[in-house]
Visitor: 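What follows is a structure written as structure tokens; I'll ask about it next.
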Amino acid sequence: MKVAFVTSEMFPFSKTGGLADIAYFLPKGLAKLNTDMTVFTPYYRTARIDFNLLSFLGKKTIRMGGIETDVNYFTYDFEGVKVIFVQNMHYFERDRLYGYNDDAERFTCFSYAVLEGLELLDHMPDLLHINDWQTGMIPYLYEKHYKGKFTYSKLRITMTIHNMEYQGNFDTYVARFFNHDFDYEYIHFDRVNFLKTGILKSDKINTVSPSYRNEILSLDYGFSLDGILNYRKNDLVGILNGIDDETFNPEKDKFIENYNFSNYKAGKLAAKKKVYDAFHLDKTYEKTLVIYIGRYANQKGLWMIQNSLEDLIHHSDAQFFFLGSGDPNYENFFKVMTEKYPGRVGNYIGFNERLAHELYAASDIFLMPSEFEPCGLGQMISMKYGSLPVVRETGGLKDTVLPYNQYTGEGTGFSFKNLSMIDFKDKVFEAIMLKKNNPKIWDSLVRQAMEKDYSMEKMAKAYLEFYKTIIGG
Ligand code: ADP
């Protein structure tokens, strides 16, 4: 089977969140299952690959709404996967990946570039696997401009939704880039909506966990697209994300002193020493370290952390660290807390891969009280590193974290149901107290968490089965 995976970000070349991780893990996992994998991704400034390692594949001229621009294609053989970088200096070589006024134009150009670029491959793929709103227009453009051509006629398209909140919602003015008469298919509430178009026009759709798949069919989680999702319900499935054992694994991680369950305390101590030194935290290593790593966005339920942090500081002896960036309200809050409680609280504003690995290794408790969570990788990574997550029971968090059951002793973390700061705070206290007063039970939970299998292999196998339902055999 030949699959072209299309993504607006891919680790280690570009990353703002979980999509980049999955765009690395999944093609790699599928390639190991003998799937012929090609990945199309923009060549951003962050890619920083030695240009000598790239081979020039070809060049195409993209025409969209009176604009004419050239894109170059460079291939890079990367861990069994053929990565094709789509290069256009004007659209992609910028400081950030998203958030520009011309995002609709940038990702329409990328979409055309992918469809055009398929002709440069040795064989037309059987399946195009697109991801999120940035690639949502591809099935529409395919239908209008490519499907009729003989070489393209058998192509099937499937779309993965990694987050319903980001939809690529633009003024109708951008419709001129589609080189076709005005059409209601891409309109949603008088705006052009890239995600809606992808949902409507792809052969199949999936989200990244079974629970989130069901949640988005409701008004509360559908972000106004629940109607269209219900319309496509029979073609919508949920496949749980997984993490790559070579990237996120305390036994192999190149950023930390490696450990496994048998010496996890020593591993955590070594990582704590490094972080506490660098960020001037009190060197009370035996105390609990509670962390948050992730985007500072409302989705993540940070208001619960914001409103409970001082209580947690006053009524426990735990230490805290926050790594992330985004909403300035939270960036400032964590900065102020660090200044107000020196030694107890630390923070780092920005994206820092190394520090993230060190913190997963150093920490005892990982916070993820998300309002909604398509899958969430942070909680899976933290479990693997023996840091027990405190999560809200939603989406992928519900599907991956087994809440501690005091009667059976089973559990890989802690969870609460309601969107309530009090419930969240109670759970965090429960976790801190359990670690302090019942080290045996804690050890058993750490062992269960570290042994859980949320592997890339499992995810890749599930996608392969899913692909077969689309293209047959
Ligand atoms: P989302 O995709 O909603 O941002 P996920 O939990 O699915 O959240 O994935 C987040 C990924 O990004 C994880 O690999 C996490 O470790 C990483 N990450 C998030 N913020 C940072 C940061 N500031 N520095 C380093 N890694 C980060």
Side-chain angles (χ1 to χ4, degrees), residues 7-26 46 96-99 131-134 160-166 207-209 211-212 221 223 239-250 253 255-256 275 278-279 291-302 305 321-327 330-331 334-335 346-363 366-385 387 389-392 394-401 413 454 456 459:
T7 177
S8 59
E9 54 184 273
M10 179 185 188
F11 182 82
F13 314 115
S14 53
K15 174 165 167 175
T16 68
L19 168 61
D21 288 329
I22 297 306
Y24 167 42
F25 302 158
L26 181 56
T46 54
R96 286 174 282 121
L97 271 54
Y98 321 119
N131 293 275
D132 279 353
W133 72 263
Q134 292 86 347
T160 300
I161 303 168
H162 298 261
N163 194 321
M164 286 300 302
E165 188 177 10
Y166 305 105
T207 64
V208 288
S209 70
S211 287
Y212 191 62
Y221 290 89
F223 279 96
I239 302 175
L240 196 65
N241 277 341
I243 50 175
D244 173 28
D245 208 44
E246 281 154 24
T247 310
F248 290 113
N249 180 352
D253 192 323
F255 294 120
I256 60 164
V275 174
F279 290 91
I291 64 160
Y292 172 88
I293 299 175
R295 292 180 291 117
Y296 291 163
N298 286 334
Q299 171 199 340
K300 301 291 178 182
L302 286 157
I305 299 181
F321 201 102
F322 303 92
L323 164 61
S325 62
D327 188 332
Y330 296 116
E331 290 187 356
F334 293 128
K335 218 160 90 189
N347 91 102
Y348 180 98
I349 298 172
F351 198 90
N352 188 325
E353 193 71 30
R354 167 182 287 276
L355 181 59
H357 286 247
E358 288 171 351
L359 284 168
Y360 284 119
S363 60
F366 181 84
L367 306 178
M368 206 154 168
S370 305
E371 291 189 7
F372 69 93
E373 195 55 72
C375 179
L377 296 178
Q379 85 284 9
M380 289 198 259
I381 303 169
S382 73
M383 286 189 280
K384 187 106 188 160
Y385 284 72
S387 175
V390 176
V391 304
R392 196 170 89 79
T394 182
L397 298 174
K398 191 162 135 190
D399 293 344
T400 53
V401 177
Y454 294 118
M456 164 184 97
M459 161 176 67

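One-based numbering, in listed order, for ligands and for the atoms of each.
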Visitor: Going by the rule side-chain hydrogen bond (donor to acceptor under 3.5 Å, both in side chains), which residues pair with D244 if we only count those two or more places apart in sequence or in a different chain?
Guide: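 Once residues adjacent in sequence are excluded, the partners of D244 under the side-chain hydrogen bond (donor to acceptor under 3.5 Å, both in side chains) criterion are K28, T247.
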
Visitor: Among T207, D132, N131, find the one that has a side chain to side chain donor-acceptor pair (under 3.5 Å) with H162.
Guide: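 Answer to the side chain to side chain donor-acceptor pair (under 3.5 Å) test with H162 among T207, D132, N131: N131.
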
Visitor: Kindly assign one of parallel, tilted or perpendicular to the pair F366 and Y292, based on the angle between their ring planes and the thresholds 30° and 60°.
Guide: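 Parallel: the ring planes of F366 and Y292 meet at under 30°.
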
Visitor: We want to know whether Q299 and N163 form a side-chain donor-acceptor pair, criterion being a heavy-atom distance below 3.5 angstrom.
Guide: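 N163 and Q299 do have a side-chain donor-acceptor pair below 3.5 Å.
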
Visitor: Would you mind writing out a table of all protein N or O atoms found under 3.5 Å from any N or O atom of ligand 1, naming both atoms and giving the distance to 0.1 Å?
Guide:
unit_1: ligand 1; atom_1: 2 (O); unit_2: G18; atom_2: N; d: 2.7
unit_1: ligand 1; atom_1: 3 (O); unit_2: R295; atom_2: NH2; d: 2.8
unit_1: ligand 1; atom_1: 3 (O); unit_2: K300; atom_2: NZ; d: 2.8
unit_1: ligand 1; atom_1: 4 (O); unit_2: R295; atom_2: NE; d: 2.8
unit_1: ligand 1; atom_1: 6 (O); unit_2: L377; atom_2: N; d: 2.9
unit_1: ligand 1; atom_1: 6 (O); unit_2: G378; atom_2: N; d: 3.2
unit_1: ligand 1; atom_1: 7 (O); unit_2: L377; atom_2: N; d: 3.2
unit_1: ligand 1; atom_1: 8 (O); unit_2: K300; atom_2: NZ; d: 3.2
unit_1: ligand 1; atom_1: 9 (O); unit_2: G18; atom_2: N; d: 3.3
unit_1: ligand 1; atom_1: 14 (O); unit_2: K15; atom_2: NZ; d: 3.1
unit_1: ligand 1; atom_1: 14 (O); unit_2: D21; atom_2: OD2; d: 2.7
unit_1: ligand 1; atom_1: 16 (O); unit_2: Y360; atom_2: OH; d: 2.7
unit_1: ligand 1; atom_1: 23 (N); unit_2: G350; atom_2: O; d: 2.8
unit_1: ligand 1; atom_1: 24 (N); unit_2: N352; atom_2: N; d: 3.0

Visitor: Looking at residues at least two apart in the chain, or sitting in another chain, which of them share a side-chain contact (heavy atoms from CB on, under 4.5 Å) with S370?
Guide: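 For S370 the side-chain contact (heavy atoms from CB on, under 4.5 Å) partners, ignoring immediate neighbours, are K300, M368, E373, L397.
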
Visitor: Applying side-chain contact (heavy atoms from CB on, under 4.5 Å), name anything that partners A361, two or more places apart in sequence or on another chain.
Guide: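 Partners of A361 under the side-chain contact (heavy atoms from CB on, under 4.5 Å) test: I256, Y259, A271, Y385.
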
